[in-house]
Amino acid sequence: MKKSLIALLIAIVMVFSACNTTVNSDNKDGKTEEKVETKPEEKKEEKSELSEEEAWKQEPFYGKTVKIGYNGGLCTGGPGLAHALGYFDELGIKTEIVNVQSKVDAIGTNQVQLTTDHIATLLVPAVNGIDMVFKSGAQTGCKSLFVLNDDKINKTSDLIGKKVGVPDGIGNSDHNIALRFFNHDDVDPKEIKFVPVEGSASILALQNYEIEAVVLSDQFAEKFINDGTIKMIRSLTYDEDFSKEPCCVYAFNKTFVKENPITAKKMTQALFKISDYIANNIEDATQALFDNNWASGDFDQAVRMMDSYNWQVTNEMADSALTSILDDYKEFGVITTNKDTATLLDEVWMPEDFKNENVVKTVDMTK
């Protein structure tokens with residue numbers, strides 16, 4: 001009998017031990033309360049985030065050669081110089097300079113991943129769906145409006161009803177630049193007759209009164225200013241309302257940027273660095289352009305032109321310029337969309353948070 005009782009007690013103890021229960025006899029109503037002891041949940045291992053360098057290695061373009069569309073010229077020479085001086089190499093990016101005829105087509109179809117050109121050339125195609133985005137301003141200045149020196153025309157309002165030559169044709173950069181010259185002076189561009197003209201023949205066209213004014217690069221025009229043939233009446237380079245605006249921008253293929261954000265960021269970093277280098281080393285930068293056959297003609301003149309630009313364009317300057325130009329183009333009907341300016345800006349402007357170093361000149365430029 002005693003053995004049976006002991007066996008029964010042992011069985012009861014084992015049952016309670018297996019259930020991992022405790023008895024709480026302090027309950028106010030006198031009832032016992034069973035509390036089941038639960039094992040703590042195992043903590044899931046948190047995946048450590050990849051460093052930027054590790055994430056970079058997973059991008060499609062990592063280790064591949066990035067192509068830069070460039071066909072020479074002073075004001076668009078930043079990426080070429082960054083390539084020649086090894087600024088992309090320093091950041092682990094292989095680059096190749098590709099000569100392209102149409103920068104818009106080349107960047108939009110990803111034949112090249114980076115190029116530089118006038119905002120007046122690139123902005124409308126970007127808004128209209130070409131696969132490109134801007135990440136930094138390049139430089140200020142470079143084009144102006146000229147008339148014959150001995151003409152009585154001295155301001156844009158004097159050109160109402162007259163012909164203005166645009167060397168790269170209606171709807172392109174010279175035309176778009178001219179539209180803004182007149183609009184800023186409260187002259188309705190519809191009162192101006194814009195005429196396509198061959199750039200090399202533009203001075204003769206002025207002298208023959210086939211046109212009364214023409215948009216030209218400052219570099220081309222300088223000789224004719226110096227010999228007294230023409231005079232400047234409006235300028236992106238020197239006029240206060242335009243001198244703070246970048247004339248050109250660094251444009252990337254948009255899909256490339258989305259798929260390779262770290263590569264694009266590093267490339268933008270190199271572009272800020274080359275801008276600082278040019279600003280602080282005008283003659284050396286110009287010599288590098290000549291050495292690579294990206295510039296020709298009179299070296300001293302090229303130096304003067306390079307020095308007339310502000311190379312250290314801030315993101316704030318570019319943001320403000322793009323906003324103003326978008327507003328103007330919408331007013332002219334050059335851009336036809338129901339989207340507001342802020343939305344359009346978000347679609348085409350993707351800057352990086354870089355700053356210029358060793359600033360050598362203010363953005364207010366005078367003759």
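Note: hydrogens, waters and symmetry copies are ignored here, and every other heavy atom, side chains too, is used.
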Could you work out, with side-chain contact (heavy atoms from CB on, under 4.5 Å) as the rule, every residue matching [X], not counting sequence neighbours?
X	answer
Ser200	Glu198
Ser320	none
Asp227	Phe224, Thr229
Ala213	Leu145, Val147, Leu159, Val164

Decide yes or no on salt bridge (charged side-chain N to carboxylate O under 4.0 Å, His left out) for Asp174 and Lys143, but give the supporting numbers first. CA-CA 8 Å; Asp174 293 338; Lys143 288 201 175 186; 2.5 Å; yes
Taking ring-ring contact (aromatic ring centres under 6.0 Å, His included) as the definition, give me every residue that meets it alongside Phe181, ordered by chain and number, with sequence neighbours left out.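 Here the qualifying residues are Phe242.
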Just to verify, what does Tyr209 make a ring-ring contact (aromatic ring centres under 6.0 Å, His included) with, not counting sequence neighbours?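 Testing Tyr209 for ring-ring contact (aromatic ring centres under 6.0 Å, His included), a comparison that skips the adjacent residues, returns none.
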Nearest atoms (heavy-atom pairs only) where Ala178 meets Val215: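 For Ala178 and Val215, the tightest heavy-atom pair comes out as CB-CG2, 3.9 Å.
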To check you understand the geometry: which heavy-atom pair defines the closest contact between Pro79 and Phe88, and what is its length?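 Looking at all heavy atoms of both residues, the closest pair is O-CE1, 3.6 Å.
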Going from OG1 on Thr268 to CE on Met350, what distance comes out if it is rounded to the nearest 0.5 angstrom?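 Thr268 atom OG1 to Met350 atom CE measures 9.5 Å (nearest 0.5 Å).
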Are more than 12 heavy atoms, taken from residues, nucleotides or ligands other than [X], located less than 6.0 Å from that residue's [atom1] atom?
X	atom1	answer
Glu283	CD	no
Lys330	NZ	yes
Lys265	NZ	no

Asn356: partners by side-chain hydrogen bond (donor to acceptor under 3.5 Å, both in side chains), with sequence neighbours left out: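 Per chain and number, Asn356 pairs via side-chain hydrogen bond (donor to acceptor under 3.5 Å, both in side chains) with Asp276.
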Sequence-distant partners of Glu347, side-chain hydrogen bond (donor to acceptor under 3.5 Å, both in side chains), two or more places apart: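 Once residues adjacent in sequence are excluded, the partners of Glu347 under the side-chain hydrogen bond (donor to acceptor under 3.5 Å, both in side chains) criterion are Lys339.
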Is it true that the side chains of Asn310 and Lys244 contain a donor and an acceptor less than 3.5 Å apart?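 There is no such pair between these side chains.
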According to ring pair (Phe, Tyr, Trp, His ring centres under 6.0 Å), does anything in residues 244-263 pair up with another residue at least two apart or in another chain? List the pairs.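 Pairs touching residues 244-263 that pass the test: Phe61-Phe256.
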According to the ring pair (Phe, Tyr, Trp, His ring centres under 6.0 Å) rule, which pairs have a member within residues 126-175, sequence neighbours left out?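 Non-adjacent pairs meeting ring pair (Phe, Tyr, Trp, His ring centres under 6.0 Å): His175-Phe194.
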Which residue pairs satisfy the side-chain hydrogen bond (donor to acceptor under 3.5 Å, both in side chains) criterion with at least one member in residues 58-81, sequence neighbours excluded?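 For residues 58-81, and leaving out neighbouring residues, the side-chain hydrogen bond (donor to acceptor under 3.5 Å, both in side chains) pairs sorted by first residue read Glu59-Thr263.
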Other than Leu204, which residues form its hydrophobic cluster under the rule that side-chain heavy atoms must be closer than 4.5 Å?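 Reading the cluster by chain and number, Leu204 sits alone, since nothing else belongs.
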